[in-house]
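Just below is one structure, and these are the notes that go with it.
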Amino acid sequence: MSYCRWSSDNFKCDVYAYEDATGGYKTHVASNRILGDCPPGPDYSTIDEDGWAEHAVEAEKARSAFLADCGREPIDHVYAGRSFSDDDLASFLSRMEHLKAEGFYVPDCVFDAIREEISEGGAT
């Protein structure tokens, strides 16, 4: 299960974090960030509206064009480009909190999902 990807929050996310199929939790920290604001992708809440498919295609074209041409800046931090492994949810949550405190963009939904799993008795 992926908690967030580089594309999360419209490509603002600085981490790719997921539950590893072999056990534990993996976090990969970005080494660079895109410059500027990526155009939003399709609005899936309007999927049943007339013209949605055309809107979706145009939104994806605009997003792809932006990502192909946008500038990127390196992240100047000791954790930039590094990967981490955590054995349990509590350690994983601590890692995410630490990365956010260090200035990396970690979506709030990541913290919510981990805390919910812990409260439901997930691996601690």
Given the rule in the salt bridge (charged side-chain N to carboxylate O under 4.0 Å, His left out) test, do K100 and D14 qualify, once you have shown the distances and angles that lead to the verdict? CA-CA 9 Å; K100 186 166 187 158; D14 287 331; over 6 Å; no
Decide yes or no on side chain to side chain contact (heavy atoms under 4.5 Å, CB included) for M96 and Y25, but give the supporting numbers first. CA-CA 11 Å; M96 293 298 107; Y25 302 87; over 6 Å; no
Closest non-hydrogen atom pair, A80 against V29: CA-CG1, 4.1 Å
On a heavy-atom basis, the closest approach of V15 and V106 is CG2-CG2, 4.1 Å
Are [Y] and [X] co-members of a hydrophobic cluster defined by side-chain heavy atoms under 4.5 Å apart?
X   : Y    : result
F92 : F111 : yes
Y18 : L99  : no
I75 : L35  : no
Y44 : V57  : no
Y79 : Y16  : no

Show your working on side chain to side chain contact (heavy atoms under 4.5 Å, CB included) between D37 and N10 and close with a plain yes or no. CA-CA 8 Å; D37 293 323; N10 209 29; 5.8 Å; no
Measuring from E19:CD to S2:OG, what's the distance to the nearest 0.5 Å?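 Between atom CD of E19 and atom OG of S2 there are 11.0 Å.
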Looking at I114, D112, D108, which one forms a side-chain contact (heavy atoms from CB on, under 4.5 Å) with V110? I114
Do side-chain atoms of W52 reach the backbone of D43 as a donor and acceptor pair under 3.5 angstrom? yes
Kindly say whether A90 contributes a backbone atom to a donor-acceptor pair with the side chain of S94 at under 3.5 angstrom? no
Evaluate the ring planes of F104 and H77, with Trp represented by its six-membered ring, and classify them as parallel (under 30°), tilted (30 to 60°) or perpendicular (over 60°).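 F104 vs H77 ring planes: perpendicular.
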Step by step, work out the side chain to side chain contact (heavy atoms under 4.5 Å, CB included) result for R33 and Y105. CA-CA 10 Å; R33 293 183 179 116; Y105 182 81; 5.7 Å; no
Taking the side chain as C-beta and beyond, is there a heavy-atom pair between P42 and E60 under 4.5 Å?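 Yes, close enough: below the 4.5 Å cut-off.
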Can you confirm whether C13 sits close enough to P107 that some side-chain heavy atom of one is under 4.5 Å from a side-chain heavy atom of the other? yes
Full working for side chain to side chain contact (heavy atoms under 4.5 Å, CB included) between T27 and Y3: CA-CA 10 Å; T27 303; Y3 291 87; over 6 Å; no
Heavy atoms from other residues, nucleotides or ligands near NZ of K61 exceed 12 (cutoff 6.0 Å):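 12 or below, so no.
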With ring pair (Phe, Tyr, Trp, His ring centres under 6.0 Å) as the test, would you mind laying out the steps for F66 and F11 before giving the verdict? CA-CA 11 Å; F66 173 84; F11 290 88; 8.6 Å; no
